[in-house]
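Written below as structure tokens is the structure these notes are about.
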There are 2 protein chains.
Amino acid sequence: MTPTQAPRVLATVGRRARNKADKQQRIFEAASELFTGLGYSAVTTQMVADRADVGTGTLFRYASSKAELLMMVMNEQMRLDTREGIAAASSGASPTEAIMALLAPQIHLPLEFPENTAVYQREILFGTEQGQYRTEALARISELEDAIGDILSRFTRTHRVRAGVDLRGAGRTTFATLHMELLRVTFGREDPATLTATLRSHVDVLLYGVLAPA
Amino acid sequence: MTPTQAPRVLATVGRRARNKADKQQRIFEAASELFTGLGYSAVTTQMVADRADVGTGTLFRYASSKAELLMMVMNEQMRLDTREGIAAASSGASPTEAIMALLAPQIHLPLEFPENTAVYQREILFGTEQGQYRTEALARISELEDAIGDILSRFTRTHRVRAGVDLRGAGRTTFATLHMELLRVTFGREDPATLTATLRSHVDVLLYGVLAPA
DNA sequence: CTAACATACGGACTACGCTCCGAAATGAGC
DNA sequence: GCTCATTTCGGAGCGTAGTCCGTATGTTAG
């Protein structure tokens, strides 16, 4: 083996690309450990940069803001929860149960990481920058909204959809409600123990309404 | 009139209290003009302080944060819209129409001041500090949620409430949806012209549900 | 191997929200 | 009017997110 041959095998992507992937990895791990250990507001970007052993200038070429840094970390968790929920929803026996199965895996996050989850939700809803990690988060939400559409259409044989109802819009309403209920738990205005029950009754209202003509 | 008598008439509250009210007034006007003229992010607290002719230290004893400063201004508008909505709602002929009448005055804000309204909503939902102006904003929201409860109970003679439905929770769902739809307009994901129609269909879904057993 | 180029890096720097504490103004007691 | 206590004021200073640009490092051509 000549000195130029041995590296070439691994070097098909070049040293630069490898350095980049390596830094990306270090930054992800540093951010993940610090955010989960201390919570968003107690972490400074300087701390992340130091732990990842890069300069702050470098840090901000890998994530365009501190919030993007958090989203990078949270998206991983969200990815798992979403996959789990979509799998579980396919076996729900009623519309309510199917939707609850879809949403159930999302519930643990605000309990485990209240502050980080609140910031995550805040940035999803109110973020203006079009960073890559926010884009990914939005894609994940869309995935769930689509899943609700799929669930509802799965039940159109046994249930009829009221005239004029837009299923996509109903998916949005479901998420609006999920967001708010998760926030209520985060800010301690709702008992986590009753969250599932509360959410189920919201889903029921959404599906079957509040009123019926007397 | 002795020099001590003339001032006494106006001075029942004391010079200190008058100075305070005066500064409060100047700060309100400065904040109002700057925020509405330039938008939240383009305004610095220094600019508000300068225009109100106070130091920054002083500014922050009249509003505990920049966001509180905005809420101080927005609350005034919200107060008018809420009063108008509650008055209009009492004459709605159907539950849907009554709720729409209640919400209608709220929808002009994001059209006129998209950025400020978004920040206002963000702080209402995610703010952690317990400043006086946020407290006031939350009270205004509660007022509207209560109004929805009143509307629904007004129709219990002609409509029956589905078993197990919590009207207060339904009010929260309505607001969750309103928040989200206003945000969609703010961020340009929804045509303002169709907002009323979209909102009405959301309210309909909420009242009468998506599904009915076939 | 070297030169010339392109890209990535990183830390000094800036902007801004907010705090802190010494100074000034006000009111009370005499 | 004078002194002292109390409240209010305000701007220098701090912490932190994010930028800018000179330097370092990798890549390519000859």
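Order of the sequence lines fixes the chain letters, A, B, ..., with proteins taken first and strands second; residue numbering starts at 1 for each chain.
Not one N or O on the side chain of Ser64(B) forms a donor-acceptor pair closer than 3.5 Å with the backbone of Phe60(B).
Between Tyr62(B) and dT8(D), a side-chain N or O to OP1/OP2 separation shorter than 4.0 Å is absent. Put simply, Lys66(B) has no side-chain N or O that comes within less than 4.0 Å of OP1 or OP2 on dC16(C). Considering only side-chain N and O atoms, Lys23(A) lies nowhere under 4.0 angstrom from the phosphate OP1 or OP2 of dA8(C). Considering only side-chain N and O atoms, Thr45(B) lies under 4.0 angstrom from the phosphate OP1 or OP2 of dG17(C).
The CG-P distance, from Leu59(B) to dC20(C), rounds to 16 Å in whole Å. Going from atom CG of Asp50(A) over to atom C1' of dT16(D) covers 13 Å, rounded to whole Å. The CE-P distance, from Met47(B) to dC16(C), rounds to 9 Å in whole Å. Taking atom CD on Glu68(A) and atom C1' on dT19(D), their separation rounds to 17 Å, with Å as the unit. Counting to the nearest Å, the C1' atom of dT8(D) and the CZ atom of Arg61(B) are 6 Å from each other. Look at NZ on Lys20(A): it is 9 Å from C1' on dT7(C), rounded to the nearest Å. Across the protein-nucleic acid pair, Asp22(A) atom CG and dC9(C) atom C1' stand 14 Å apart, rounded to whole Å.
Residue contacts shown for Ser65(A) are limited to sugar-phosphate atoms, with no base heavy atom under 4.0 Å away. Val48(B) comes within 4.0 angstrom of no nucleic acid atom, judged by non-hydrogen atoms across all strands.
Under the 4.0 Å criterion applied to side-chain N and carboxylate O atoms, Glu68(B) and Arg134(B) are not assigned as salt-bridge partners.
Between dG18(D), dC9(D), dG10(C), one nucleotide has an atom nearer to the side chain of Phe60(A) than all others, and that is dG18(D).
The local environment of CZ in Arg168(B) is crowded, with over 12 non-hydrogen atoms from other residues, nucleotides or ligands closer than 6.0 Å.
Checking Ser41(A) against Thr58(A), the closest nucleotide of DNA chain D that is more toward the 5' end is the one next to Ser41(A). Along DNA chain D, the nucleotide closest to Gly57(B) and the one closest to Thr44(A) are compared, and the more 5′ of them pairs with Gly57(B).
Between Phe35(B) and Tyr40(B), the angle of the ring planes stays under 30°, which puts this pair in the parallel group of the 30/60° scheme.
A distance of 12.0 Å separates NE2 of His179(B) from CZ of Arg172(B), quoted to the nearest 0.5 Å. Taken from CG in Leu167(B) to OG1 in Thr173(B), the straight-line distance is 11.0 Å, to the nearest 0.5 Å. Here the straight-line distance linking atom CG of Leu195(A) with atom CG of Leu182(A) works out to 6.5 Å at 0.5 Å rounding.
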Exercise. Once each nucleotide of nucleotides 22-30 of chain C is scored for protein heavy atoms under 4.0 Å, what B/S/- sequence comes out, 5' to 3'?
Worked result: ---BBS---
